[in-house]
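To keep things clear, I will list the structure first and then write my remarks on it.
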Amino acid sequence: MAQGDYCSYIDRFPEVSLLCMGDMMLDVFVYGKSSRLSPEAPVPVILCQKERSMPGGAGNVIANLRSLDCTVRIIGVTGDDEGGRALHESMEALGADDSQMLHPEGYATPVKTRYVAGQHHLLRVDREQPLELTQEQVEDLLDRVEGCLPEVDMVLLSDYGKGLVDERLTPALISLCNKYGKRVIVDPKRTDYTVYSGAYLVKPNLKEFQGVTGRVFDPSVPGFAAEAVEAGREVCRRYGIGGLLVTLSEHGMIYIPGAEGEKTQWIPTEARDVFDVSGAGDTSLAALGASLAAGAPMREAMRIANAASGIVVGKFGTASVQRDELAQALSPRRVAGGIITADEAASLCETLRAQGKVVGFTNGCFDLLHPGHLQSFERARALCDVLIVGLNTDASIRRLKGPNRPVNNEQSRAALLAALKTVDYVVLFDDDTALPLIEKLRPDVIAKEGYPIDKWPEGQLVESYGGRAVELPRLEGFSSTAIIDKLQH
């Protein structure tokens, strides 16, 4: 399938409406520095610098759906307390409709507080209590669900084992959704899938899959797929489930349909630097549901969900993926070698900086690639985590060097640069200098050969906002202009 087709489904996300129901909680992150141990006990002392709170559990699924520009209706339970009010404010800021939430008297909203020093989680403190709904409250929630179903395309059920997704509510909920022809995708917590009977899809991770099958699986050994499919289909038959989508961490994900005639799908993972896996399953659920609701076949929906979770594990803390960065990750330009637009590059730079990555930049015409260019790219790439190359368009080169240049057109030059291992992304620019592009991207490092800082406006600009400008040594004896002159004579 062409990569651009993935983006056609992503483009439809704003037309998608989903109902998300599940265990709501508040995630709190306390960030600080730790440079010594406590004299009272052998534990780190954290000097608190900042604190952030955000939706967790089903709330993180909702945050991801909203960042993907889907319309979301929410049904769940929070306390009439500080945590519940913080969640309501978050939902309001996200533009998610939480007017159908239930607030039982005396119930405390679950709060998970994580203490983080640098990029290391040191401690998590959970505050929660069992959720014990009355039969009247269960029926009230089902009435609220039924009121929403005509307006939504699909239902996502996020079970975090906090008591909402129980033996009374869940079977009745799934039966009600099936009555209205609304598919239900469940992110499970329990090993007894009886309560999920009738669901369209259940999405366990490998550990949860092993729990429900009672077997141990290793995706890296031959024969894994056949054994997993056999066990998975038995689960589907036993519990009356349409299919299983098992997430396999670094081994990707496998779809096991309950029906014998339907094809099993197994796709690899997206290779990423992993900063934090918090909430990656929520992101995967949101992207999968949005894709299926947008009309994507299962394999394409899996690819989109896989790319989304691959992006979010590269971020720190409970995080969500933006629709534009997901489209960028699956766009033909990126797959074809990292040739992206200036707007895409600006969004990418913002994401990379949030991940703590160093963004490098260099620029030029690069009409005829030669060893001097290759040396410059190698040295520039050594200064950063990601190297972006600004490339003059044909029109700008003609203005700078005359009507007979360039020898190679911009498409050819961009493709050659993008094929180099030292170059991560190529961005074409039409201005006479790279200054407007640098202002847009604001790289951390700019590196170029032969330009002392007092004669280098681009380097001065980067230094003006706290970046670093590096003059690279020139490899003598190589010049595109000299090569062209030699060929002409």
Does N306 reach the main-chain N or O of M302 with its side chain, forming a donor-acceptor pair under 3.5 Å? no
For Y180 and E146, test the side chains for any donor-to-acceptor distance below 3.5 angstrom and give the result as yes or no. yes
Ion pair R237/E234, N-O distance below 4.0 Å: yes
With a 4.0 Å cut-off, would you call D424 and R381 a salt bridge? yes
Between T341 and D343, does any side-chain donor sit less than 3.5 Å from a side-chain acceptor? no
Y255 and E262 side chains, donor-acceptor separation under 3.5 Å: yes
Salt bridge check, D153 against R183: does any charged N sit closer than 4.0 Å to a carboxylate O? no
State plainly whether the residues D69 and R323 are in salt-bridge range, i.e. N to O under 4.0 Å. yes
Got a salt bridge between E139 and R144, using NZ or NE/NH1/NH2 to carboxylate O under 4.0 Å? no
Taking the six-membered ring for Trp, are F217 and F224 parallel (under 30°), tilted (30 to 60°) or perpendicular (over 60°)? perpendicular
Taking all heavy atoms of T191 and all of V212, pick out the closest pair and write down the distance. O-CG2, 3.1 Å
With H88, the side-chain hydrogen bond (donor to acceptor under 3.5 Å, both in side chains) member among D98, T109, T78: D98
Should R114 and D27 count as an ion pair when the cut-off is N to O under 4.0 Å? yes
Are T247 and N205 linked by a side-chain donor-acceptor pair shorter than 3.5 Å? no
Without swapping roles, check the side chain of R73 against the backbone of V152 for a donor-acceptor pair under 3.5 Å. no
Check for me whether R442 meets the cation-pi criterion with Y465, that is, NZ or CZ under 6.0 Å from the six-membered ring centre and within 45 degrees of the ring axis. yes
Within a radius of less than 6.0 Å around CD of E136, do more than 12 heavy atoms belonging to other residues, nucleotides or ligands occur? no
The test is side chain to side chain donor-acceptor pair (under 3.5 Å); show your working for Y200 and N178 and say whether it passes. CA-CA 9 Å; Y200 165 69; N178 289 337; over 6 Å; no
I need the minimum non-hydrogen distance between V426 and A418, along with the two atoms involved. CG2-N, 3.8 Å
How would you list, by chain and number, every residue that makes a side chain to side chain donor-acceptor pair (under 3.5 Å) with D166, sequence neighbours excluded? R168
Using atom types as modelled and distance alone, determine if a side-chain donor or acceptor of Q210 lies under 3.5 Å from a backbone N or O of V216. no
